[in-house]
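Note sheet for the following structure.
Both backbone and side-chain heavy atoms feed into the values below; hydrogens, waters and symmetry mates do not.
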Amino acid sequence: MRQARPYSAMFAGGVSARTGPHALPLARIKKIMKRSAGDSSVVDGGGGARMISGEAPVVFSKACELFIADLTRRAWAATLEGKRRTVHKEDVAAAVQNTDLFDFLVDVVTADLGDDHTDYK
């Protein structure tokens, strides 16, 4: 009898013709992984991964979905604090700046907003 693969639980979601059971296109994720792995700024000398297993993009897809969902929930909370019903980029910036987990994005959102919106803490 054939056993289930380790990540087969991720396939439980709905299936669409374009991306299969994933919300994000796996081919695009694989392309980003290959490009990022070949980056010369990588500590290991930039050799990069030339081959990527079929399961790795699935895991990255799920991780991206969870990341986007969490950031969206936090941005929505900032939107409600502002008594609005539309998420703006300032709400995403507030979510990033108010959450230690997203510290790696602070420079990105601060540069995008300019100097006039840096008082979110």
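- The aromatic ring centres of F67 and F60 sit 6.0 Å or more apart.
- Of all heavy-atom pairs between T79 and T86, the closest is CG2-O, 3.4 Å.
- Of all the heavy atoms in V96 and V106, the pair that sits closest is CG1-N, 3.8 Å.
- In this structure, N98 contributes its side chain and A94 its backbone to a donor-acceptor pair below 3.5 Å.
- The two residues A56 and M33 have their closest heavy-atom pair at CB-CE, 3.9 Å.
- Listed for the S61 side chain is no donor-acceptor partner under 3.5 Å among the backbone atoms of P57.
- For the atom pair CZ of R85 and CG of L80, the computed distance is 7.5 Å after rounding to the nearest 0.5 Å.
- Within the model, atoms OG of S53 and NZ of K30 stand 8.0 Å from one another, a figure rounded to the nearest 0.5 Å.
- Under the 4.5 Å side-chain heavy-atom criterion for grouping Ile, Leu, Val, Met, Phe, Trp and Tyr, I32 is not connected to V108 through any hydrophobic cluster.
- Hydrophobic clustering keeps I68 apart from I29 (ILVMFWY residues linked when any side-chain heavy atoms are closer than 4.5 Å, directly or through intermediates).
- In this structure, F104 is a member of the same hydrophobic cluster as L101, with clusters built from ILVMFWY side-chain heavy atoms closer than 4.5 Å.
- Taking CG from D103 and CD from Q97, the interatomic distance works out to 9.5 Å, rounded to the nearest 0.5 Å.
- The two residues K34 and I52 have their closest heavy-atom pair at CG-CD1, 3.5 Å.
- Heavy atoms only, all atoms of each residue included: D91 and A75 are closest at CB-O, 3.6 Å.
- Contacts classified as salt bridge (Lys or Arg N to Asp or Glu O under 4.0 Å) and involving residues 70-80 (residues at least two apart or in different chains) are given here: D70-R74.
- In this structure the side chain of V87 never reaches within 4.5 angstrom of the side chain of T72, judged on heavy atoms.
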